[in-house]
Amino acid sequence: MNIQQLIDLFTQRYNGLQPQFLVKAPGRVNLIGEHIDYMGYGVLPFALEQSCFMLFAIDGNDIQIQHADDQQFKQFNLSVNPKEQYNEIQNYVKYVLAGYRAGIQYGNANQGIKMLISGNVPFSSGLSSSSSLVVASSLMSLQVSGKTQQDIDRQQFVDQIIKFEREAGTACGGMDQTISVFGQEGSALYIEFDPLRLTQVNLPKGYSFIIANSLTESTKLETLGKHYNKRVVECRIGIKLIELTLNLGTNFKTMKQLQDYLQLSLESMEELCKFIPKGEIDLEQLEYLHLPVLLADIPYFELVLNQNKSVNPYNRLVHVVKEAQRVIKFKNICDSKISDDAKAILLGQLMNQSQKSCKDLYECSSENIDTLTSLCIKNGALGSRLTGAGWGGCTVSLVKEADAKNFKNKIIEFFYNHIENQDHIFSTQPSQGASIIKL
Ligand code: NG1
Ligand code: MG
């Protein structure tokens with residue numbers, strides 16, 4: 001649907017009311033650095049052209065949320081400045097609410113809103129459809145509060161967005177919200193956290209990053225206890241075990257904080273992981289860690305403790321420190337003076353190592369992703385890996401531009417059974433971060 005069609009749909013749904021603003025907030029692809037943002041380490045994504053679009057008008061006494069796809073996403077009304085708990089709401093409304101709460105920190109939001117949501121970031125696909133919606137909603141409520149991005153400290157704003165998205169359930173890091181706000185046209189960003197630092201990274205010329213959907217959904221909120229939040233818990237247990245062995249008396253939440261405190265290199269952090277027992281550890285054996293106290297800040301940690309018998313902190317943290325090293329190598333290769341062809345070969349190798357680590361150590365790949373990444377390599381990609389949280393969702397492959405068409409055709413033939421669908425496989429360019437325009 002183009003913008004004019006969306007405007008018409010808004011007017012039709014809201015009995016002739018004209019929308020006043022359009023917000024656009026992009027999804028993202030992460031090139032390397034998976035599951036390390038919440039451990040404090042730098043990541044390397046870029047903002048997609050694919051975005052969440054939100055039209056809205058300030059009107060009435062409540063917040064009316066409608067989605068262009070009203071079959072899948074039911075209309076929902078919230079009260080302004082909602083204080084009540086909504087237990088039975090669709091996940092998309094949770095994300096709208098999270099963003100709304102971030103934006104109204106900045107002013108007086110006692111105004112009704114009518115909104116219409118649409119977009120072309122595929123859902124549950126690891127391309128950050130959730131954060132693009134949260135970010136769009138936060139810019140909407142910022143505007144309703146009488147402020148624009150220019151009036152506020154955008155870094156603090158992003159911190160608010162992250163905080164409220166975590167309330168929706170995922171113990172996420174800050175990659176998705178940061179890139180959706182700060183994305184830059186034409187380049188990827190190396191994002192470091194705590195303190196936030198953004199560095200432009202120029203990708204090799206003559207190569208594309210092609211996204212392909214594994215056609216298995218990566219449903220995060222439904223599987224928190226088994227997947228995403230479990231990994232965060234496992235990392236935190238690993239940190240605690242290292243702290244206890246070294247008798248540090250500290251209580252760090254991220255591996256990066258522990259590293260900074262000890263003033264060690266990432267390579268030495270890998271050595272420190274050896275203090276963690278290898279393999280699966282029964283949660284029962286870890287009761288002495290007082291897990292409910294240790295994990296109290298992690299959303300839904302009880303789910304993790306209830307739904308699992310054991311954890312594997314060693315494998316998870318080895319992945320984290322090695323993946324963090326790969327991100328730095330990736331950036332250094334992009335910055336180096338070698339030819340673009342030579343760069344692409346080295347970057348591809350790092351992407352493949354990352355995929356292997358996600359599969360074997362972090363166990364966040366899936367059968368379809370393994371099949372798809374192998375097919376991509378076989379058909380000319382220099383590197384191919386899952387992107388985003390995993391357990392389904394999309395892959396990203398590095399392909400020479402001249403080979404891109406042939407590559408796509410092969411994947412359509414072998415993976416998608418000859419069915420061509422723009423949403424399944426596409427090239428994309430690094431794009432600008434979120435924006436709002438007055439209509
Ligand atoms: P997805 O599920 O792909 O949107 C998540 C997290 C990120 C990061 C990646 C894994 C959210 C909003 N985002 O992304 O912070 O940890 O997984 O690298 O949960
Ligand atoms: Mg997401």
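Just follow the structure's listing: the first ligand is 1, and inside any ligand the first atom is 1. Reckoned from all heavy atoms, side chains included, excluding hydrogens, waters and symmetry mates.
- Taking every heavy atom of Thr170 and a limit of under 4.0 angstrom, the matching atoms of ligand 1 come to 19 (O).
- At a heavy-atom cutoff of 4.0 Å, ligand 1 is contacted by both the backbone and the side chain of Ala389.
- Salt-bridge formation is detected for the pair Lys331/Asp335: a Lys NZ or Arg NE/NH1/NH2 atom is positioned less than 4.0 Å from an Asp or Glu carboxylate oxygen.
- Taking the charged nitrogens against the carboxylate oxygens, Lys356 and Asp370 have no contact shorter than 4.0 Å, which rules out a salt bridge.
- In this structure, Arg28 pairs ionically with Asp176, as a charged nitrogen and a carboxylate oxygen lie closer than 4.0 Å.
- By the 30° and 60° cut-offs, the orientation of the rings of Tyr92 relative to Phe73 is perpendicular.
- In summary, the atoms of ligand 1 found under 4.0 Å from a heavy atom of Tyr38, numbered by their order in the structure, are 16 (O).
- In terms of N/O distances under 3.5 Å, ligand 1 is not approached by Asn30.
- Contact atoms of ligand 1 toward Ser131: 12 (C) (distance under 4.0 Å to a heavy atom of the residue).
- The distance from ligand 1 to the heavy atoms of Asp37 drops below 4.0 Å at these ligand atoms: 7 (C), 8 (C), 15 (O), 16 (O).
- Near Glu165, the atoms of ligand 1 lying under 4.0 angstrom from a non-hydrogen atom of the residue are 12 (C).
- Listed by number with element, the atoms of ligand 1 under 4.0 Å from a non-hydrogen atom of Met175 are 8 (C), 9 (C), 18 (O).
- One option in Tyr228, Tyr362, Tyr95, Trp391 has a heavy atom closer to atom 5 (C) of ligand 1 than any other, and that option is Tyr228.
- The closest approach between a heavy atom of Arg28 and any atom of ligand 1 is below 4.0 Å.
- Heavy-atom contacts of Glu34 reach the following atoms of ligand 1: 10 (C), 18 (O) (cutoff under 4.0 Å).
- Defined by atom type and a distance below 3.5 Å, a donor-acceptor pair is present between the side-chain atoms of Asn91 and Glu222.
- A 6.0 Å sphere centred on NZ of Lys322 holds no more than 12 heavy atoms belonging to other residues, nucleotides or ligands.
- Where the criterion is an N or O separation shorter than 3.5 Å, residue side chain and backbone included, His35 meets it with respect to ligand 1.
- Ionic pairing of Glu401 and Lys205 is not present here: no N-O contact between side-chain nitrogen and carboxylate oxygen is shorter than 4.0 angstrom.
- Listed by number with element, the atoms of ligand 1 under 4.0 Å from a non-hydrogen atom of Gly173 are 15 (O).
- Between His35 and Tyr228, the ring centre distance stays below 6.0 Å.
- Ion pairing between a basic and an acidic side chain is recognised when a charged N comes within 4.0 Å of a carboxylate O; Lys256 and Asp260 show such pairing.
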